[in-house]
Amino acid sequence: MAATGKKQPDLLQRLIASWPESDSGLSVLEVGLSGGCDSVVLLDLCCRWRAEGGPQVTAVHVHHGLSPNADAWADFCRELCASRGVSLRIEHVSVAMAGGKSVEAEARRVRYAAFARSSANLLVLAHHCDDQVETVWLQALRGGGPRALAAMPVWQPGVHPPLWRPLLGVRRVEIEAYACAHGLSWVEDESNDSLVYRRNWLRHTLLPQIEAAVPHYRSHAVGLAARMADAASILDEVAAGDLQRVYTDEGLSLVGLRKLSPARQRNLLLTWLEGLHPQARLPRPEELRVVQGMLAATQRWQRAMMDGWLVSDGQTLRHLKAVGSEKATRQEGPVPFPEEVPRWRPEGWSGCLSWQRKPGGLKEGVWHEGRVCLKLRAGGERLQQKVGRKPLKTLFQEAGVPEVLRPGWPLLFLDEELIAVVGVAVSSAWQDDRLGWWPEWQPDAS
Ligand SMILES: Nc1ncnc2c1ncn2[C@@H]1O[C@H](COP(=O)(O)OP(=O)(O)OP(=O)(O)O)[C@@H](O)[C@H]1O
């Protein structure tokens with residue numbers, strides 16, 4: 001694999017020039033080393049920079065265990081780093097191929113999680129111009145929005161460790177030429193030739209045809225990514241301002257939202273949704289469906305999300321996290337009530353119980369009996385009211401509790417007797433008509 005060819009002396013200068021904070025206190029950078037040509041060249045450049053007084057260099061190799069050659073790649077990286085005096089961290093990860101996710105996407109997710117365990121100031125990746133172009137096209141084929149079409153930034157400070165892609169302006173052929181000129185060796189990932197993967201199909205099939213018709217297609221795609229990055233950051237700014245205006249203590253005001261133009265409404269809701277689950281975003285078509293649902297929610301509306309619900313009463317939109325779960329309750333049994341009660345966050349429930357003093361609340365000292373606990377609905381419960389024993393369903397309907405929230409609603413029991421449906425009603429048998437303790441539930445909302 002080693003070869004010789006024309007020397008490209010300027011790559012190191014280009015790498016240093018792309019460092020956005022040349023006078024900062026950067027002391028250690030970690031190279032993401034797959035063992036492929038690009039990252040081997042990157043490691044070589046970083047070591048040359050180190051020799052000229054640049055930062056210390058370490059490396060990380062993520063062993064995905066997907067290829068029969070995975071051990072050989074790790075050995076190659078180990079030897080390469082040893083020969084360059086670079087300490088190498090090898091991260092073994094497992095890529096679960098479940099839930100309809102692509103192997104590439106899952107491998108990428110666990111790789112970035114492994115990168116995040118770095119103790120370096122900066123992680124350097126060898127993505128280059130052709131990777132960027134492919135990413136733009138891939139995102140276009142997926143129907144991505146401005147942020148997706150912005151592809152990869154050279155400098156990504158908002159993650160740990162910050163990411164730097166100094167070769168993003170360099171063509172693949174230039175990197176290969178450098179590798180040859182410097183007699184570098186690398187390993188070939190056999191999966192790079194498999195047309196099963198969309199990126200490879202694009203690289204080997206579609207893009208050469210586009211290049212034949214539009215020779216400058218790379219610079220067009222790179223320019224598009226840069227404009228989309230600007231557009232995405234402007235959209236973020238607009239969404240942040242709009243969100244501040246329409247967000248109240250209660251949640252997102254639909255009245256305020258509807259004063260915005262339709263495009264700003266969609267932008268705000270998409271941003272809000274993304275913020276709810278930054279680590280596990282819904283697929284884009286699903287996000288758009290949820291947004292349509294929210295916008296059409298003039299009356300009561302609810303939708304289960306991965307960790308709770310979006311609930312609208314026609315006025316306000318709230319994200320409620322699940323209050324406990326069937327599973328947690330079955331495992332742990334009822335949650336005993338503590339002696340001190342002003343605010344209580346019971347284990348296994350993602351929310352907090354608090355108390356107000358108001359007429360019709362529970363009698364003083366009920367909980368001092370030490371037999372009070374919080375449980376979920378099991379079916380058939382009724383609450384003693386002055387008019388008789390009312391089914392839970394009726395109480396929930398009267399209080400306007402969305403159906404989807406009812407199975408997880410906290411119920412207070414004294415032994416086996418239901419004494420309060422939290423925030424909804426208390427038992428007349430345990431009620432203080434004058435001033436009693438009224439239980440309120442505050443679900444965790446993100
Ligand atoms: N298994 C890995 N371990 C460490 N870093 C990795 C690994 N896979 C990828 N990277 C880093 O992410 C960059 C982009 O990944 P990608 O899979 O697009 O690389 P590639 O095109 O195969 O590059 P290379 O020629 O370096 O393998 C790599 O150049 C490298 O810096």
Side-chain angles (χ1 to χ4, degrees), residues 1 11 15 18 29-47 57-67 69-78 80-81 86-95 102-118 120 122-139 151-156 159 161-180 182 184-194 197-204 207:
M1 276 172 278
L11 270 199
L15 175 134
S18 92
L29 51 80
E30 187 171 59
V31 173
L33 183 65
S34 65
C37 178
D38 308 334
S39 52
V40 165
V41 165
L42 178 65
L43 183 78
D44 186 74
L45 290 167
C46 290
C47 289
V57 182
T58 62
V60 54
H61 174 77
V62 181
H63 183 299
H64 294 104
L66 289 172
S67 162
N69 299 318
D71 288 339
W73 297 343
D75 288 344
F76 170 84
C77 292
R78 205 178 279 118
L80 175 65
C81 287
V86 169
S87 83
L88 173 71
R89 157 171 91 95
I90 296 187
E91 287 270 346
H92 287 259
V93 296
S94 66
V95 182
S102 77
V103 184
E104 293 159 288
E106 187 55 13
R108 187 178 181 283
R109 191 187 66 75
V110 295
R111 181 161 70 247
Y112 277 80
F115 288 162
R117 293 192 278 276
S118 171
L122 191 69
L123 186 78
V124 200
L125 298 174
H127 292 109
H128 49 66
C129 170
D130 295 77
D131 291 329
Q132 182 78 328
V133 172
E134 288 164 9
T135 305
V136 171
W137 277 89
L138 281 172
Q139 292 299 352
M152 297 173 280
V154 172
W155 176 240
Q156 201 172 330
V159 290
L163 302 180
W164 181 35
R165 299 181 177 92
L167 302 180
L168 213 51
V170 179
R171 293 266 310 271
R172 177 182 287 124
V173 287
E174 294 178 271
I175 292 176
E176 286 167 0
Y178 178 98
C180 292
H182 289 78
L184 302 178
S185 302
W186 61 90
V187 291
E188 291 295 351
D189 179 347
E190 68 284 348
S191 75
N192 281 344
D193 292 329
S194 165
Y197 301 114
R198 178 76 47 97
R199 184 180 282 273
N200 295 343
W201 168 80
L202 201 68
R203 181 181 304 166
H204 297 300
L207 293 182

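We count ligands from 1, going down the list as the structure has it; atoms in each ligand are counted the same way.
- Judged by distance alone, the side chains of E188 and W186 do bring a donor and an acceptor atom under 3.5 Å apart.
- H182 and Y178 have parallel rings, their planes meeting at less than 30° on a 0 to 90° scale where 60° marks the start of perpendicular.
- S191 pairs by the side-chain contact (heavy atoms from CB on, under 4.5 Å) definition with D189, Y197, not counting sequence neighbours.
- With sequence neighbours excluded, no residue forms a salt bridge (charged side-chain N to carboxylate O under 4.0 Å, His left out) with R198.
- Within 4.0 Å of ligand 1, counting heavy atoms only, the contacting residues are G32, L33, S34, G36, C37, D38, S39, V60, H61, V62, H64, R111, F115, L125, A126, H127.
- Salt bridge present: R89 and E91 bring a charged side-chain N and a carboxylate O closer than 4.0 Å.
- Partners of V159 according to the side-chain contact (heavy atoms from CB on, under 4.5 Å) rule, which considers only residues two or more places apart in sequence or in another chain, are Q156, L163.
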